[in-house]
Amino acid sequence: MEHPENDKAYKGLKVNSGVESLGSVNPYLSQMRKKRAVELSVNDYVEGIRRGDVTVLSRAVTLVESMRPEHQAIAQEVIERCLPYSGNSVRVGITGVPGAGKSTSIDAFGMHVLSQGNGKLAVLAVDPSSERSKGSILGDKTRMERLSLHPRAFIRPSASSGSLGGVARKTRETIVLCEAAGYDTVFVETVGVGQSETAVYSMVDFFLLIQIAGAGDELQGIKRGIMEMADGIVINKADGDNVDEARRAAVHYRNALQLFPMPASGMRPEVLTYSGFFDLNIDKVWEMINGYVDKVKINGAFDERRCYQQKYWMYEAIDEQLKSRFYTIPGMQEMLSHHEQLLLQGKTTSFAAASKVLDFFDKSCNGR
Ligand code: GDP
């Protein structure tokens with residue numbers, strides 16, 4: 001058929017008929033695509049994960065991250081079935097401001113860990129602000145050049161943007177799946193801004209704070225309370241002309257840490273300098289983490305922390321579900337608007353309005 005733009009009205013514009021697109025050059029490719037589309041059963045997922053099949057694991061994580069209720073239903077069953085095989089990894093949280101060198105360091109730490117034996121490493125991330133389409137995703141494979149090519153490393157970017165609680169829950173569930181798939185070291189990266197550190201702190205056995213010297217913010221972490229969470233502080237970029245400055249920063253941190261009360265683990269955080277880019281002192285950082293984990297496993301603090309975390313996440317889940325149920329109860333939106341109006345007209349107080357709305361919630365629950 002002639003293209004309408006070849007009409008006389010379109011002078012000077014000639015549209016040629018296109019070349020018919022060729023069939024697939026590689027016939028196996030289309031077969032592979034078809035194969036991928038096959039739905040997996042809960043059993044398939046669990047067995048695949050237990051086998052350490054990375055494709056199945058990735059698909060299970062996608063289900064965990066999905067908002068669709070039917071995906072969530074399968075995901076929850078898979079997680080439950082994987083739970084008995086989870087818990088055996090060392091979970092390390094890694095934070096630091098953008099530019100501190102988190103991805104460079106994770107690449108270096110990860111390669112070091114993998115060189116120590118036959119273990120497997122999963123790198124996950126919590127970044128509620130992330131959008132998959134943007135380049136700045138934590139845990140992005142391209143930012144960890146060596147690890148992304150390593151057959152025993154599994155790298156997964158943060159679940160795409162959503163509430164912090166939601167993103168963090170998905171990462172916790174992904175940890176369970178990775179552990180069931182035999183990953184015995186899990187890194188969880190988070191960016192050093194906002195509340196996401198607390199979420200990551202509450203899912204790891206060791207929380208590592210990466211700092212840099214010379215940025216004039218040596219003690220910045222103290223203000224934000226992040227130092228209080230750190231089980232170890234490392235000053236990155238201790239290379240070239242920066243070595244002395246990094247050492248001075250380390251002294252600052254050591255002094256500052258003396259002012260903090262002794263952590264529940266009974267272990268005062270160590271402060272080390274290293275270079276992620278030049279692979280300097282990476283072994284020392286890993287020894288610090290391993291040494292800590294060995295000691296807290298003996299003194300009981302490791303199990304205590306995991307128990308505390310289980311409880312913490314139960315209450316987080318309750319909070320999240322309560323809120324969601326509260327706001328989605330039939331008539332709730334009208335009730336809220338009505339009381340907002342009364343409030344703005346000065347006919348009620350914030351507290352009284354809240355009580356009335358909560359009474360309505362109670363009645364709706366009792367009427368179920
Ligand atoms: P992130 O934003 O915390 O993940 O930081 P990146 O790993 O992307 O690093 C930020 C910048 O610092 C990059 O240009 C890195 O090359 C550089 N960098 C990271 N680690 C080191 C290091 O150990 N020494 C030096 N000199 N530069 C580093």
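For ligands, and for the atoms within them, numbers begin at 1 and follow the listed sequence. Keep in mind that what you see is a predicted model, and the values were worked out from it rather than measured.
Polar contact check, F278 against ligand 1: no nitrogen or oxygen pair lies under 3.5 Å apart.
Judged by the 6.0 Å and 45° rule, R50 forms a cation-pi pair with Y85.
No hydrogens or angles considered: nothing links the side chains of D107 and T104 as a donor-acceptor pair under 3.5 Å. Looking only at atom types and distance, the side chain of Q72 has a donor-acceptor partner in the side chain of Q76 under 3.5 Å away. S196 and T190 form a side-chain donor-acceptor contact under 3.5 Å, judged by distance and modelled atom types alone. Between the side chains of S158 and D127, no donor N or O sits under 3.5 Å from an acceptor N or O. For the 3.5 Å distance criterion, the side chains of R156 and T62 qualify, holding a donor opposite an acceptor.
Checking E189, M144, K237 against atom 27 (N) of ligand 1, the nearest heavy atom belongs to K237. Counting only non-hydrogen atoms, the option in G240, S103, S105, A246 that gets closest to atom 8 (O) of ligand 1 is S103.
Contact atoms of ligand 1 toward V97: 3 (O) (distance under 4.0 Å to a heavy atom of the residue). Residue S275 approaches ligand 1 through these ligand atoms, each under 4.0 Å from one of its heavy atoms: 22 (C), 23 (O), 24 (N). Close contacts of ligand 1 with D239, meaning ligand atoms under 4.0 Å from a residue heavy atom, involve 22 (C), 23 (O), 24 (N), 25 (C), 26 (N). Atoms of ligand 1 lying under 4.0 Å from any heavy atom of A100, numbered from 1 in the order shown and given with element: 3 (O). Shown in contact with P98 at under 4.0 Å from a heavy atom are these atoms of ligand 1, numbered in order with element: 2 (O). The distance from ligand 1 to the heavy atoms of G276 drops below 4.0 Å at these ligand atoms: 23 (O).
With a heavy-atom cut-off of 4.0 Å, T104 touches ligand 1 through backbone and side chain alike.
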Evaluate the side-chain contact (heavy atoms from CB on, under 4.5 Å) criterion for residues F187 and V113: first the C-alpha distance (whole Å), next the side-chain angles of each, then the deciding distance (0.1 Å), finally the verdict.
CA-CA 11 Å; F187 288 168; V113 172; 4.2 Å; yes
